[in-house]
Amino acid sequence: MVRPSKHPIPSPTCGCFFCLTGISLEEKKSKRTPVRLRHKIEKRSAEKQRKERKEAKKHPELHRKKPAALNIPNSYPYKDRILSEIEEARRIKAEEQAKRRDEAKLRRKELKGGDDEDVMKDADEVKSEEEDDDEMDVEDSEAEEGEGNAMAALLASARVRAAEFEAQHGDSSGEDNDESDDERTFQRASKDTSRKSFDKMFKQVVDAADVILYVLDARDPNGTRSKEVERQIMSMDGGDKRLILILNKIDLVPPAVLKGWMTYLKRFFPTLPLKASNGAPNAQSFDHKSLTVQGTSQALLAALKSFAHSKQLKRSVTVGVIGYPNVGKSSVINALTGRLGGGSNACPTGAEAGVTTSLREVKLDKKLKLLDSPGIVFPSTEGQLGSQAEKQARLVLLNAIPPKQIDDPAGAVQLLLQRFSTAPSLLQKLLDVYAIPPLPNLGMGELTKSFLTEVARKRGRLGKGGVPNLDSAAMAVIMDWRDGRIQGWIDPPIVTGTVTEGIKTDSGAVEADQKEIVGQWMEEFKLDGLLPGDGETQEVEMKG
Ligand SMILES: Nc1nc2c(ncn2[C@@H]2O[C@H](COP(=O)(O)OP(=O)(O)OP(=O)(O)O)[C@@H](O)[C@H]2O)c(=O)[nH]1
């Protein structure tokens with residue numbers, strides 16, 4: 001359209017539409033929003049959002065997101081029941097959280113008073129330890145690929161670097177200071193986490209060690225033990241290596257079970273009970289009175305020092321720590337160095353299996369150094385009978401498989417229920433954890449499904465349409481088992497006279513030899529009477 005020729009320029013005296021509005025119809029009107037207007041809108045919108053965020057921060061209770069609605073069809077007959085159960089589960093969870101918070105507060109208060117089983121350090125100590133850590137020489141060093149001397153090369157290279165570090169920092173004497181002040185760690189640069197590389201590192205640790213601490217899980221010592229590995233170690237260096245069994249996580253078994261296992265294991269090798277860490281805060285643990293983190297780790301340290309002094313070597317004694325994934329190898333080292341919790345750990349630890357992926361050397365004092373190794377599932381257990389799924393279920397219950405690698409979580413729960421079927425009191429405790437009524441009398445497969453359905457309902461593990469997600473429920477059970485929220489253990493073999501159920505297969509001669517060795521080694525490490533009660537039954541006391 002063209003402006004009518006009558007009004008080429010808008011006239012102030014004319015009252016026509018074109019002169020009044022000033023619109024020129026010669027220009028084609030664009031439908032595009034002007035950039036200025038767009039910017040204006042964006043600015044206003046950002047301003048509004050900023051205001052809303054500020055408001056939400058001020059009054060979080062008014063702006064909390066509502067939980068996603070469950071899409072349960074109205075036609076589903078148990079909809080009301082499921083919804084009320086979910087509501088109940090939320091309430092219980094909130095109560096538990098509040099309880100845990102209160103307990104943590106209480107613990108912190110106790111800690112400030114310096115009365116926490118003498119286990120944890122107060123904030124100042126931890127801080128000073130962190131400062132110590134900063135001084136620690138943490139260096140990467142490539143191990144040489146040579147077969148037999150790889151460890152020696154690794155250690156040599158670390159020593160050279162340590163010497164360089166000392167020279168740089170003015171400590172030219174090269175003398176070791178006492179205890180953990182002079183602790184140094186080094187890590188292999190390689191990030192190779194394959195089984196082959198783990199096996200290689202295991203061999204390196206065993207080759208380099210004078211003393212081997214074989215860490216076992218007190219809940220299933222034989223499950224985490226390989227007689228083949230023990231035999232191999234005994235045959236190395238003309239039988240010069242010393243092997244000590246460390247029964248760790250004793251807080252997760254009652255004193256009677258601990259005593260039974262100690263009696264059983266001491267027939268093979270010197271054995272020490274250990275509580276290397278306090279574990280998960282809400283674990284169902286047992287109080288073993290004097291067998292605290294500090295008490296047991298100091299006993300172990302004293303034994304190692306006795307051995308180191310008795311040997312009178314010019315070099316320091318190397319102590320290798322081996323065992324299944326997640327049995328607490330790194331925690332043992334941290335307990336020995338007195339570095340517990342937080343970022344001040346000498347070795348990183350974690351609830352999942354497979355945290356340690358490299359060799360780590362920690363110097364305790366001028367006479368002792370420790371070698372941490374990645375956890376390995378030893379061949380004897382892998383070789384046990386059963387399908388692949390059964391083998392995996394067994395490893396899952398040993399907490400030896402990281403959660404992401406578990407193919408059939410329900411299978412592991414089925415094995416757990418199967419084990420509990422002969423221990424009614426433990427089964428009842430398991431049901432109590434999830435507030436589930438007694439299970440119906442069904443076959444193992446159906447029973448597992450029924451149990452997991454109830455767990456899924458109680459824990460809100462529901463899929464689309466409110467259908468219980470059994471795999472997710474099974475993972476929840478596995479995590480509770482791993483962290484000790486579910487109580488359970490394997491009973492020790494009954495020791496009768498001189499032969500035990502567990503060692504019937506060994507010949508009498510081997511047993512006699514072993515007895516002599518155990519006696520001799522116990523003396524070298526001065527283990528007799530090292531711990532109060534030394535595994536004797538103490539009063540059972542359950543902790544929440
Ligand atoms: N309850 C309890 N838990 C423990 C004890 N010792 C270690 N743990 C816990 O067990 C888990 C595994 O400990 P780690 O020291 O990382 O075990 P690891 O053998 O080094 O594990 P990998 O690195 O997988 O080989 C951690 O969550 C520890 O807190 C103990 O004496 N009692």
Side-chain angles (χ1 to χ4, degrees), residues 117 119-120 185 187-188 191 193 195 197-199 201-202 205 212-221 223-225 246-254 257-258 261 272-288 291-300 320-337 339-342 345-360 362 370-378 395-396 398-405 478-489 542-544:
E117 279 185 299
V119 172
M120 297 234 202
T185 62
Q187 219 179 332
R188 246 172 67 112
K191 288 276 170 272
T193 56
R195 168 73 202 227
S197 88
F198 278 13
D199 280 345
M201 281 188 251
F202 169 75
V205 168
I212 289 143
L213 299 183
Y214 190 172
V215 186
L216 309 176
D217 189 326
R219 289 185 287 180
D220 187 0
T224 45
R225 184 177 167 217
I246 302 295
L247 202 54
N248 191 33
K249 305 197 185 184
I250 55 169
D251 52 311
L252 299 181
V253 298
V257 173
L258 171 62
W261 276 113
L272 273 178
L274 189 75
K275 184 181 174 191
S277 141
N278 285 318
N282 45 357
Q284 296 281 314
S285 55
F286 292 89
D287 190 354
H288 290 273
L291 299 183
T292 58
V293 177
Q294 206 191 29
T296 53
S297 55
Q298 276 185 356
L300 175 58
V321 185
I322 62 164
Y324 259 55
N326 205 258
V327 288
K329 297 175 296 301
S330 305
S331 303
V332 169
I333 293 185
N334 293 334
L336 284 173
T337 57
R339 290 170 183 276
L340 299 161
N345 279 345
C347 295
T349 64
E352 282 186 18
V355 172
T356 312
T357 53
S358 56
L359 286 181
R360 192 173 273 263
V362 179
L370 305 169
L371 276 180
D372 193 6
S373 64
I376 287 182
V377 173
F378 297 122
L395 291 177
V396 170
L398 289 172
N399 313 309
I401 299 186
K404 274 185 210 144
Q405 289 173 23
I478 289 168
M479 295 301 122
D480 288 339
W481 167 254
R482 183 194 67 187
D483 294 340
R485 284 185 286 273
I486 296 172
Q487 267 184 5
W489 52 82
M542 294 262 299
K543 261 191 343 193

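Positions are given from 1, in the same order as the sequence printed here. Every number for a ligand or one of its atoms is a count from 1 in the order of the listing. Quick caveat: nothing in here was measured; it's all calculated off a predicted structure.
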The one among [options] that brings a heavy atom closest to [atom]:
| atom | options | result |
| --- | --- | --- |
| atom 4 (C) of ligand 1 | K329, K249, K275, Q284 | K249 |
| atom 13 (O) of ligand 1 | A218, S297, S331 | S331 |
| atom 30 (C) of ligand 1 | G484, P273, S277 | S277 |

| said: Taking distance alone, with N or O pairs closer than 3.5 Å, would you say L252 contacts ligand 1? | reply: no
Self-check item: ligand 1 N/O within reach of G328 N/O, cut-off under 3.5 Å
Solution: yes
(Q) Counting only heavy atoms closer than 4.0 Å, does ligand 1 sit against the backbone of N248, its side chain, both, or neither? (A)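 Side chain only.
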Counting heavy atoms under 4.0 Å, the part of N326 that contacts ligand 1 is both
Please check if the side chain of [X] supplies one atom and the backbone of [Y] the other of a donor-acceptor pair under 3.5 Å.
| X | Y | answer |
| --- | --- | --- |
| S331 | A276 | no |
| N399 | N326 | no |
| H288 | L258 | no |
| K249 | L274 | no |
| S285 | D251 | no |

Looking at A276, which atoms of ligand 1 are within less than 4.0 Å of one of its heavy atoms?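 Once the distances to A276 are compared, the set is 6 (N), 30 (C), 31 (O).
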What I want to check is whether the side chains of S330 and D372 have a donor and an acceptor closer together than 3.5 Å. yes
